[in-house]
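Only one structure is covered here, and it is reproduced in the block below.
These values consider heavy atoms only, across backbone and side chains, with no hydrogens, waters or symmetry-generated copies. To find a chain, count down the sequence lines: A is the first, B the second, and so on, and within it residues start at 1.
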There are 2 protein chains.
Amino acid sequence: MAMTAVPDLESLRLLVLVDELGSMGKAAATLGIAQPSVSKRLTTLEHRLGLILVDRTRRGSALTPAGRVVCGWAQRVLGELDGLLTGAEALRTRRDAELRVAASMTIAEHLVPTWIGELRKSQPELYVGLRVTNSVNVGELVHNGEVDIGFVESPSAPGGLSTKRVATDRLKVVVAPSHPLARRRSLSTAELAREGLVVREPGSGTRETLERALRRAGVGELTPLVELGSAAAVRGAVIAGTGPAVMSELAVAGDLVEGRLVAVEVTDLDLRRTFRAVWPAGRKVTGPAAELLAVAAGMR
Amino acid sequence: MAMTAVPDLESLRLLVLVDELGSMGKAAATLGIAQPSVSKRLTTLEHRLGLILVDRTRRGSALTPAGRVVCGWAQRVLGELDGLLTGAEALRTRRDAELRVAASMTIAEHLVPTWIGELRKSQPELYVGLRVTNSVNVGELVHNGEVDIGFVESPSAPGGLSTKRVATDRLKVVVAPSHPLARRRSLSTAELAREGLVVREPGSGTRETLERALRRAGVGELTPLVELGSAAAVRGAVIAGTGPAVMSELAVAGDLVEGRLVAVEVTDLDLRRTFRAVWPAGRKVTGPAAELLAVAAGMR
DNA sequence: ATGAGGTCATACCCTGTGGCTATGACAGCT
DNA sequence: AGCTGTCATAGCCACAGGGTATGACCTCAT
């Protein structure tokens with residue numbers, strides 16, 4: 001048994017397909033490949049994982065208990081992959097898109113693929129083009145008519161643009177479960193400011209929101225412990241126990257429910273921020289842009 | 001451009017590695033492969049996605065804006081893959097494991113890989129063996145000494161076993177955002193019972209919990225709309241708009257925050273359940289099992 | 001009983017992906 | 001000017017994974 005190789009995505013998709021359809025042959029048919037290919041692929045997947053996943057009977061194939069668990073994990077992998085693919089397609093389709101969207105990083109990463117996926121249910125053929133930049137730039141793109149609609153996380157509505165709230169995001173103070181702070185029920189704002197934090201570089205939307213909230217609460221500057229270049233890097237550092245950080249709940253929801261991270265309440269500090277759709281002032285949003293807006297605003 | 005093929009996982013890992021290390025050569029070195037392989041792989045990845053991800057300069061490679069977004073998505077895919085792999089390893093290592101664990105489906109799927117990952121931080125070489133069955137069976141396995149520790153979601157503590165609460169799970173009523181119920185702020189228990197629900201088959205832990213809660217609230221039987229064989233299938237049906245369902249927040253946390261699903265409050269209905277560790281009564285939990293218990297109980 | 005229709009597995013071939021080495025082109029240091 | 005570090009290209013080879021053909025085996029209907 002080699003078992004050193006990771007399973008490939010096609011095989012995982014095959015596994016869930018066999019679970020749904022109850023037979024390798026049917027799975028092969030829906031994928032448009034030959035039945036022996038499926039058979040072979042599944043056995044190599046089983047070898048790679050070192051597990052027997054499928055119970056091959058003469059009248060179809062069902063998953064073994066182990067197979068069912070793995071299938072659950074596989075679906076989560078494939079779900080994330082789906083997001084990547086629709087996102088990539090949107091990034092690729094820039095100029096010639098029927099619906100051109102601009103969004104800031106956090107929104108693009110966590111919400112836009114979902115929205116597009118939702119939109120596809122009613123308009124399967126719609127070509128969406130996505131541009132990712134900072135909030136200021138999104139405003140400009142909208143203003144210049146380079147995109148049909150934009151999404152920003154900035155607290156201040158840019159001038160000359162109409163806006164509509166599409167979602168509320170909460171920033172959360174998170175620490176590793178092993179960190180001393182994880183035992184604390186809550187934290188005062190002053191304590192948070194004193195605490196050495198893992199933060200993004202200055203200028204990132206998340207950091208701006210945090211600093212603004214601290215200023216508004218009348219507490220001084222924050223004291224960075226390390227500065228990292230991406231939300232993913234910050235998350236990694238916190239999980240590794242480097243220190244606490246303030247992050248969007250979008251980025252850590254899974255970690256919180258599965259216990260990789262622990263959220264600490266901060267009293268008297270408003271760490272909410274609103275995500276807004278923006279479009280040229282006065283003009284009415286029409287066509288696909290309006291549909292997207294409806295989807296985005298509806299899913300709250 | 002073919003662009004019909006999906007990217008493979010190795011290439012995604014490569015992408016995040018290049019982002020972290022800032023150079024293809026270093027990425028190649030840490031993976032133990034040759035630099036040209038990395039170069040070629042990344043270009044084929046770019047072709048597959050139809051995007052330019054990497055900015056190749058003479059003194060290293062940085063990700064383009066598109067690359068950074070895709071990198072974020074890639075990390076999420078890889079994170080889920082990690083769970084699958086540690087889970088699979090635990091499933092594979094049954095008999096000869098140093099720590100033998102049994103867990104019911106929900107716990108095995110959502111929590112055990114996380115716990116093992118956490119445990120690995122302090123004991124990298126520990127071999128963990130996992131068995132997945134229903135709660136009754138977990139009890140038996142523990143009783144017969146076939147596993148060192150078990151985890152169950154059953155509300156009743158099995159006889160002859162000591163238990164400790166490790167987590168609290170909330171069942172949530174979820175609907176697709178387009179569903180009429182999504183507009184409702186809250187629902188009465190009676191309304192919920194009348195509503196046609198997408199449910200698991202009788203005997204599933206989730207369904208048992210729901211039925212018990214309804215009985216305790218003095219409301220009659222629930223009215224199934226469809227019965228499906230797995231939590232993933234139920235989730236799929238709800239997202240597709242088939243109807244509302246009652247599901248573990250573990251299974252839908254991501255969907256809620258990203259808006260694929262909407263939770264509806266139910267007044268006066270206690271849909272919490274506790275996850276418990278179980279071990280032979282009286283005996284003291286020692287060694288790796290104690291460590292795992294600490295991890296599981298600590299991460300709350 | 002026996003054939004029909006369904007399941008999956010095996011054997012064989014062939015293509016394409018992705019690994020390797022060797023080498024080139026280029027930028028920035030010293 | 002050379003040295004060092006970057007990435008790209010070219011040519012080679014192995015093997016994973018696709019396809020077809022075929023066999024073994026159940027179950028059901030005739």
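Residues that satisfy the salt bridge (charged side-chain N to carboxylate O under 4.0 Å, His left out) test with A/E208, not counting sequence neighbours, are absent from this structure. Applying the side-chain contact (heavy atoms from CB on, under 4.5 Å) test to B/N137 and every residue at least two apart in sequence or in another chain returns B/T133, B/N134, B/E140, B/L141. With sequence neighbours left out, A/R120 forms a salt bridge (charged side-chain N to carboxylate O under 4.0 Å, His left out) with A/E89.
Remark: nothing in residues 16-27 of chain A comes within less than 4.0 Å of DNA chain D through any heavy atom.
B/T43 comes within 4.0 angstrom of nothing in the nucleic acid, heavy atoms only.
Looking at B/S11 and B/R41, their side chains do bring a donor and an acceptor atom within 3.5 Å of each other.
Within the model, atoms CG of B/L53 and CG of B/L15 stand 5.5 Å from one another, a figure rounded to the nearest 0.5 Å.
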Derivation of the salt bridge (Lys or Arg N to Asp or Glu O under 4.0 Å) call for A/E46 and B/R92: CA-CA 11 Å; A/E46 288 180 321; B/R92 179 190 330 137; over 6 Å; no
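Residues A/D19 and A/R68 are not paired through a salt bridge, judged by the lack of any N-O separation under 4.0 Å between the basic side chain and the carboxylate. Under the 4.0 Å criterion applied to side-chain N and carboxylate O atoms, B/R76 and A/E109 are not assigned as salt-bridge partners.
Rounded to whole Å, atom P of D/dG18 lies 12 Å from atom CG of A/L45. For the pair A/H47 NE2 and D/dG17 C1', the interatomic distance rounds to 15 Å; values are reported in whole Å. Rounded to whole Å, the distance from CG on A/L31 to P on D/dG19 is 10 Å.
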Sort me out a list of protein N/O and nucleotides 26-28 of chain D N/O pairs below 3.5 Å, or just none if empty.
residue, atom, partner, partner atom, Å
D/dT27, OP1, A/R59, NH1, 3.4

Under a 4.0 Å heavy-atom criterion, the protein footprint on nucleotides 11-21 of chain C, written with B, S and -, is -------BBBB
